[in-house]
Amino acid sequence: MSYIPHTAAETRQMLAEIGVGSIDELFDAVPEAYRFPRLELPPPMSEMEVAAEMLAISEANDHAGDYAIFRGAGAYHHFIPSVVNHILLRGEFYTAYTPYQPEISQGTLQATYEYQSMMCALTGMDAANASHYDGATSLAEAVTVALEVTRHKRRKIILSHAIHPQYREVVRTYHQGRDIRIIGDRGRGDVIELVEMLDENTAMLAIQYPNFFGQIDNIAVLADAVHEVGALLVIVANPMALSLFRSPGELGADIVVGEGQPMGVPLSYGGPYLGYFAIRQKYVRKIAGRIIGETLDADGKRAFVMTLRPREQDIKRERATSNICTNQGLMALSASVYMALMGKNGLRRVGELNYHKAHYAADRIDRLDGYAVNTGKTFFNEFVLSCPRPVAETNRALLEEGIIGGYDLGQNYFHLEDHMLVCVTETNSKDEIDRLVEVLGGLG
Amino acid sequence: MDGLQPLIYDIGAPGRVGVNLPEPDVPEAELPTELLRDDLPLPEVGELQVVRHFVKLSHLNYSIDKGFYPLGSCTMKYNPKLNEDAARLPGFAQLHPLIEETGAQGALYLMYELQRWLGEISGFEAVSLTPAAGAQGEFAGILMIRNYHLDQGEGQRDIILVPNSAHGTNPATVTMAGMRVRELPSNDQGNVDLDSLRAACQGELRDQIAGMMITVPSTLGLFESTIHDVIDIVHEAGGLMYMDGANMNALMAVVKPGELDFDVMHYNLHKTFSTPHGGGGPGSGAVGVNAKLKDYLPGPIVDIIEEEDESGAPLYGYVMPGKSIGRIKAFQGNFGMHLRAYAYIRVYGDTGIRDVTRYAVLNANYLRAKLMQTYKLPYPRYCGHEFVLEGHFDEVEEVHALDISKRLMDYGFHPPTNYFPLIVPEALLIEPTETEVKEDLDAFVEAMESIAEEARTDPELLLNAPHSAPVRRLDEVRAVKELILCCAAAVPAAGD
């Protein structure tokens, strides 16, 4: 019976103890007409049959194990050291529940506290939570925090159009029941245009760093303008880029959110990932999600515990600002192990590898006839490439040569038809890049 | 101040790196110095140091792999190792979420089948796998109800009824969706009080009722024999019925919520369908609906785009339902959890899935029958997959449910859920799940009996418990007062 260990003899003993003749009698309270329906499911399978089927299904996908991949757009193929997966596979971590009983959960609690610490280090903030579902939902939660901080007296939310299109969709989904106005995200404006939208009714302004097009916008002046009207500056940042570039904290952000996947989490077709959420500590009581804090036990020993609990849904119920219950605990652990392994020097080197390889690729492709790289702004590991043919057609041709090409920007931006967002990471060898250049050249 | 294990920031040495990285194989580009950061305050630790650090931390955790975890409402069943291996297959782990649909036919097929199976198990017409957790499934469900009423020209319907025994996520969800909560009392059987429900649905608020959220079986682990009446009363008032599917482990192939006339429910793949809890997540909270709400599902959902022909398999692809509430997370949901749930259902199949529920309910009733001899059982009837006890004793008033829970740690068990549901004083909510053997259930009963004895003879043992856990009880007030949320070494020097 698969994962059910009962012998017939044990079942009989247990039924006798309960005082019933059969298990089915225990369901008497279920309305009879509806009790025990037949289910149209496939028949049971043994472990080895399921393993074989899973392998077959997995191979019916074009994945980065078989192809050279140049696609990012919010999910990145980075090198993950073996240690990460070995720690993740420890049953002590992945088969544990939320650490509501801190005496027997110090492993999860300390690892999460260290995760919070390392996210603070990357973002330049002084507080972080234990994570949200993903980058998009972290941004949606940041909106709630901005509305709370400005006491629900302000109704305007400014989002840059250069924030990931799906993140902007999620913000709209989350806040459709609220009386607020979301602007900026359907334009094509640059940072200056966003600043012009600021007024006394603005609760927050959010930009992405690097933006969805891989570029580092000039945002040095942004914080002052936002703070002048009493709004919050929210920066959506790729943590990998923060290995090199000035931290959002340094740039004056009040909240920093983003997708933690680049920190040791595999692509996994879009999830599970983790949404990190860092904030200035003065606002920390307004945020949703689990937070781990340091304290002492009865013997004066340092230990960790979930703190500021009265904010959460199980205590505050209808007065909670979010219904979030879980965090992405195991993914936060991945990020923790990854950042610890890379450390101060390793992460910087990975960042540099990304930068050098992306610039090498951009430089070579830009020389091809018919292609043009947008080099107007500094970029990290992604750049916008104008192609001589439709992106879908280009990508079909690349696929035949064993290459997964860039993201088709025309899907989300009308003015960027025939433009591809190319991503190059440390995993792309020079040979792969040269091959990409060669195949693109042949199509030109 | 010493802890059990030094912090990652307190080990290591300047210049140490825990990973062996390659030299650049391309010419180096010039870095934009003026845009770069000066300092990156991360630890500097060697590879073996990192391994030992996290292995030592792991030893401080209790887990299903280590022992019995009767945490009510959380369904801490065995997480099959097979599923972990499957999730790490390169074709899944290294699949980019924005790959063309033609390049993800394996993944799309799997999601399509899982949608279908979940729909079949719950009796719903359509399922979206996008919600990242149960709470997100709830949020999606309540938004669907809201938008349905808006489209009917009944936007004034903004009250969601919630029993006082509900999970905290239920009322929090309602607020998040911009709607209002009205709490309903329970009767002495732990069921929704029908008179109060009628009063709410038939009184002056009648045309403001948007719907009701209810957990089946109830959060007390009981099947409500009046569930039909509850559903009818709400429907008659024009409201829709939301089922919180957290307790689906008590229902599989026993009853289909869709056939009971529920309109929408969420599933917790990390409870019922064995995907690991991961120390707090990831969850996965698919949502199922009937025909009425089908067009409102969060998207994208998977469908057949081109039917199968002589040349081979059908083509699967994404569709956004016509009146969708929208996208609730980036990409397509927690796919890594979808594939584990798929493998889990595949193992049991049509003839086996009912056994999951049957043996979960058998184990719970066995514990109930044994423990009611020592502990107060507020609702003395057959239970579903879990049951609630009162964790206190008349003759030793100073001992509380929390003390019993902490003492259980000394016996090598994870405590039950404490103080939930809120309607039972000193609640201990116990859910054994179907994967536990009788020997372990018996050992748990013995521990509970011996703790009850200790409470009478030596209550200090309980009040100061745990004695053998890695740490003793924590000063939670200090944690809030001091508010130390990250290592000092991680934060840039003071002054913005």
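Computation of the quantities below employed the complete heavy-atom set of this structure, encompassing side-chain atoms and omitting hydrogens, waters and symmetry-equivalent molecules. Chain identifiers are assigned alphabetically (A, B, ...) following the order of the sequence lines, protein sequences preceding nucleic acid strands; residue numbering begins at 1 within each chain.
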Spacing of [atom1] belonging to [X] relative to [atom2] belonging to [Y], to within rounding of 0.5 Å:
X: Asp475(B); Y: Asp297(A); atom1: CG; atom2: CG; answer: 9.5 Å
X: Tyr94(A); Y: Asp65(B); atom1: OH; atom2: CG; answer: 5.5 Å
X: Asp62(A); Y: Ile99(B); atom1: CG; atom2: CD1; answer: 6.0 Å
X: Leu474(B); Y: Gln101(A); atom1: CG; atom2: CD; answer: 10.5 Å

Exercise for the section: Give the ring-plane orientation class for His6(A) versus Tyr359(B), where under 30° counts as parallel, over 60° as perpendicular and anything between as tilted. Expected result: tilted
Exercise for the section: Look at the rings of Tyr34(A) and His228(B) and say which category their plane angle falls in: under 30° parallel, 30 to 60° tilted, over 60° perpendicular. Expected result: tilted
Name the region of [X], side chain, backbone, both or neither, that has any atom closer than 4.5 Å to a heavy atom of chain B.
X: Ile292(A); value: backbone
X: Ser247(A); value: both
X: Ile291(A); value: side chain
X: Thr112(A); value: neither
X: Arg172(A); value: neither
X: Asp134(A); value: side chain
X: Ile404(A); value: side chain
X: Tyr407(A); value: side chain
X: Leu242(A); value: both
X: Glu169(A); value: both
X: Glu426(A); value: neither
X: Leu244(A); value: both
X: Leu399(A); value: neither
X: Leu39(A); value: both

Choice from [options] maximising heavy atom contacts with chain B below 4.5 Å:
options: Thr326(A), Ile216(A), Thr108(A), Val305(A); value: Thr108(A)
options: Arg348(A), Met342(A), Glu352(A); value: Met342(A)
options: Asn85(A), Leu308(A), Asp24(A); value: Asn85(A)
options: Thr307(A), Asp314(A), Thr137(A); value: Thr307(A)
options: Ala60(A), Gly343(A), Ser58(A); value: Ser58(A)
options: Met331(A), Gln328(A), Glu312(A); value: Gln328(A)

Handout entry: Ring centroid separation Tyr382(B) to Phe27(A) under 6.0 Å
Key = no
Problem - Near-ring test His86(A)/Phe54(B), centroid separation under 6.0 angstrom - result: no
Practice task
Might you work through the side chain to side chain contact (heavy atoms under 4.5 Å, CB included) test for Val50(B) and Val337(A), ending with a clear yes or no?
Solution key: CA-CA 7 Å; Val50(B) 172; Val337(A) 180; 4.2 Å; yes
Chain A interface, residue from [options] that has the most non-hydrogen pairs under 4.5 Å:
options: Pro80(B), Pro298(B), Ala177(B); answer: Pro80(B)
options: Leu98(B), Val480(B), Val437(B); answer: Leu98(B)
options: Pro470(B), Ala490(B), Ala369(B), Gly278(B); answer: Gly278(B)
options: His277(B), Met176(B), Glu120(B); answer: Glu120(B)
options: Ile328(B), Asn79(B), Thr175(B); answer: Ile328(B)
options: Val55(B), Leu7(B), Leu4(B); answer: Leu7(B)

Practice task
List the steps, then state whether side chain to side chain contact (heavy atoms under 4.5 Å, CB included) holds for Tyr9(B) with Ser117(A).
Solution key: CA-CA 9 Å; Tyr9(B) 274 95; Ser117(A) 300; 3.9 Å; yes
Practice task
Apply side chain to side chain donor-acceptor pair (under 3.5 Å) to the pair Arg90(A) and Ser58(B), showing each step before the final yes or no.
Solution key: CA-CA 7 Å; Arg90(A) 291 195 70 88; Ser58(B) 78; 2.9 Å; yes
Just by distance, with hydrogens left out, do [X] and [Y] show a side-chain donor and acceptor under 3.5 Å apart?
X: Lys329(B); Y: Gln166(A); value: no
X: Asn323(A); Y: Thr169(B); value: no
X: His53(B); Y: Glu114(A); value: yes
X: Asn345(A); Y: Glu44(B); value: yes

Fill in the blank from the handout: For Pro24(B) and Leu353(A), the nearest pair of non-hydrogen atoms, with its separation, is CA-CD2, 3.6 Å
Completion exercise
Closest non-hydrogen atoms of Leu21(B) and Arg349(A), given as atom of the first, atom of the second and distance, are O-NH2, 3.4 Å
Measuring heavy-atom distances to chain A, does [X] have an atom under 4.5 Å in its side chain, in its backbone, in both, or in neither?
X: Pro466(B); answer: side chain
X: Leu362(B); answer: both
X: Ile353(B); answer: side chain

Are [X] and [Y] close enough for a salt bridge, meaning some N to O gap below 4.0 Å?
X: Arg71(A); Y: Glu100(B); result: yes
X: Glu103(A); Y: Arg473(B); result: no
X: Lys357(A); Y: Asp25(B); result: yes
X: Glu92(A); Y: Lys66(B); result: no

Exercise for the section: Take Met54(A) and Phe92(B), measure what side chain to side chain contact (heavy atoms under 4.5 Å, CB included) needs, and give me the verdict at the end. Expected result: CA-CA 9 Å; Met54(A) 297 306 280; Phe92(B) 293 138; 4.1 Å; yes
Exercise for the section: Before giving the answer on ring pair (Phe, Tyr, Trp, His ring centres under 6.0 Å), spell out for Phe139(B) and Tyr174(A) the whole-Å C-alpha distance, their side-chain angles and the decisive distance to 0.1 Å. Expected result: CA-CA 9 Å; Phe139(B) 181 47; Tyr174(A) 260 61; 5.0 Å; yes
Practice task
Side-chain contact test, heavy atoms from C-beta onward, threshold under 4.5 Å: evaluate it for Thr351(B) versus Pro44(A) and give yes or no.
Solution key: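 With C-beta onward as the side chain, the pair touches.
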Practice task
May I ask you to decide if Leu485(B)'s main-chain N or O and Gln116(A)'s side chain share a donor-acceptor pair within less than 3.5 Å?
Solution key: yes
